Amino acid sequence: MAAQIGLIGLGTMGAMLALNIAEKGFQIAVWNRTTAVTHQFKAEAGALAGQIVATETLAEFVAAITPPRSIILMVPAGPVVDDQIAALKGHLGPDDLIIDAGNANFHDTNRRSAAASGYRFLGMGVSGGEEGARHGPSIMGGGAREDWDRVAPVLEAISAKYEGTPCATWMGPGGAGHFVKAVHNGIEYADMQMIAEIYGVMRDGLGMEAAAIGDVLDGWNKGPLQSYLIEISAAVSKAVDGGKPMLDVILDKAGQKGTGRWTVIEAQQLSAPIPVIEAAVMARNVSARLEERQAGEAVFGAAPVALPAGAVTVAQLEQAMIAGKILCYAQGFALIVAASAEFGWDLPLPDIARVWREGCIIRSSMLNDMATALEQGPGRGLMLAPFFADHLKAATPGLRAVVSAGAAHGLPLPALSAGLAWFDMMRTGRSTANMIQAQRDFFGAHGFERLDQAGKGLHGPWGGHMV
Ligand code: 6PG
């Protein structure tokens, strides 16, 4: 049987994606470095086995696919991808297409796109975890448009759907797809961190039990905060293990494969402020320093203390989350705009919001509103869109009350606080950066501009030396 597409790498994500492809009626050839895994995969594929060609060598794998071949790589990001390309390319013709579907760093994808010779190359971000890979991920593609168009029928068929529209979109050349995926992951970190912060206010500040917190989150999931992450946070809050709330026995050290860190690094390179995401990555790094945190508690006393009655309401917590989410996404989309300008991409912001509406980890109902706002106001920051400006005017008082209560009672809210600070900075027409300019000119004669005089590189009357 000739396969219409091939997939290499039958780990969890690869196996799920291959089953998804087979389920949508495509004949798929599969290969895995460990042959036993390949045969076990087909043996466990049930009714879909008839559409799966299990192969034992790369030569057999390539030969099983009808040219021009499309081959998906689902292998760990990094050197393994380069090794797999090197092992494959000798078997390929100039029109055969390699598609890296892992969590590659977009710089690597840029490099691999430029180096593709004797074969073609796409890089695509695939979001949604195991469930998404099996039943419908969100897919963000990068590379030559004609290569995307060739494989799009398969990708659209297997992708998540939002009201029938596939959540699979070509973002631009080279690493554009993997860049958008990195921004997705940065926002994912921030969404998760803000939920964790609000959970902390309810647990430590209001003394609420996990199940009660889960009920609150379930309620929020019926309103503007409807999202996969709110839904699963409610579920994990209600989970029980041996009669105890599951959350109460899980160690508070967060792991990270580093995808959110890439977002922060790129934002700094682009001078694009994403303080909510930066705070979320910082919070993960701090969480990993458990022993240092325990030492700090021993010396200074535990930070979190119970809130006095009435300090914050659950309604204010919901408002804080709504405001924090809007501010975070405004920063994320602004980062995408900065990357478009820097890399000469024309990243489609409305389509990016649309492709995130289903399948991916940050999927939420608010993304549909964001797509509309981005469509209606190209070049306008998300927070200035009337729909979101109105939401912010209504919700930021709650954010301010929660951040204030957290600061006053040692409840750490780094992401929500960063969002509020950025919001206030972005509505300050006369900031304090004049002090920065004066300092820089005093010690380094770096020059400044004046309000009352034209010209740049002006200097103050301090002679440029320390007093
Ligand atoms: C997705 C996820 C996924 C990521 C996990 C773990 O979109 O399906 O973002 O790609 O690998 O979330 O990421 P961290 O280990 O960095 O939290």
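The structure presented is a predicted model; accordingly, all values stated were derived computationally and were not measured. Order of appearance sets the numbers: ligands from 1, and atoms from 1 within every ligand.
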Closest non-hydrogen protein atom to [atom], residue and atom name please, with distance?
atom                    : value
atom 6 (C) of ligand 1  : Lys257 NZ, 4.0 Å
atom 7 (O) of ligand 1  : Ser127 OG, 2.6 Å
atom 16 (O) of ligand 1 : Tyr189 OH, 2.4 Å
atom 9 (O) of ligand 1  : Glu188 OE1, 2.6 Å
atom 13 (O) of ligand 1 : Thr259 OG1, 4.0 Å

Hey, what do you get for [atom1] ([X]) to [atom2] ([Y]), rounding to the nearest 0.5 Å?
X      : Y      : atom1 : atom2 : result
Ile361 : Ser138 : CD1   : OG    : 10.0 Å
Asp191 : His184 : CG    : NE2   : 9.0 Å
Leu349 : Phe333 : CG    : CZ    : 6.0 Å

Do [X] and [Y] make a side-chain contact, defined as non-hydrogen atoms from C-beta onward lying under 4.5 Å apart?
X      : Y      : result
Met124 : Val151 : no
Gln84  : Leu58  : yes
Phe179 : Thr109 : no

When Glu23 is tested against each of Arg134, Gln51, His135 for side-chain hydrogen bond (donor to acceptor under 3.5 Å, both in side chains), which residue passes?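 The passing option is Arg134.
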Output yes when Asp248 and Arg203 qualify as a salt bridge under the 4.0 Å nitrogen-oxygen rule, no when they do not.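 Looking at Arg203 together with Asp248, the answer is no, because their closest N to O distance does not fall below 4.0 Å.
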Heavy-atom contacts with [X] under 4.0 Å: which atoms of ligand 1 show up? List them by number with element.
X      : answer
Lys181 : 1 (C), 2 (C), 3 (C), 7 (O), 9 (O), 10 (O)
Asn185 : 4 (C), 7 (O), 9 (O), 10 (O)
Gly258 : 16 (O)
Asn103 : 3 (C), 4 (C), 10 (O), 11 (O)
Gly128 : 1 (C), 7 (O), 8 (O)

Heavy-atom contact under 4.0 Å between [X] and ligand 1?
X      : value
Gly129 : yes
His184 : yes
Gly260 : no
Met192 : no

Does a sphere of radius 6.0 Å around CD in Gln226 hold more than 12 heavy atoms from other residues, nucleotides or ligands, not counting ones at 6.0 Å or beyond?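 Atom CD in Gln226 is crowded, with more than 12 foreign heavy atoms closer than 6.0 Å.
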Below 4.0 Å, non-hydrogen atoms only: which portion of Arg284 touches ligand 1? Side chain, backbone, both or neither.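 Side chain only.
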Polar side chain donor-acceptor pair, His39 to Glu56, under 3.5 angstrom: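 Yes - a donor-acceptor pair under 3.5 Å links their side chains.
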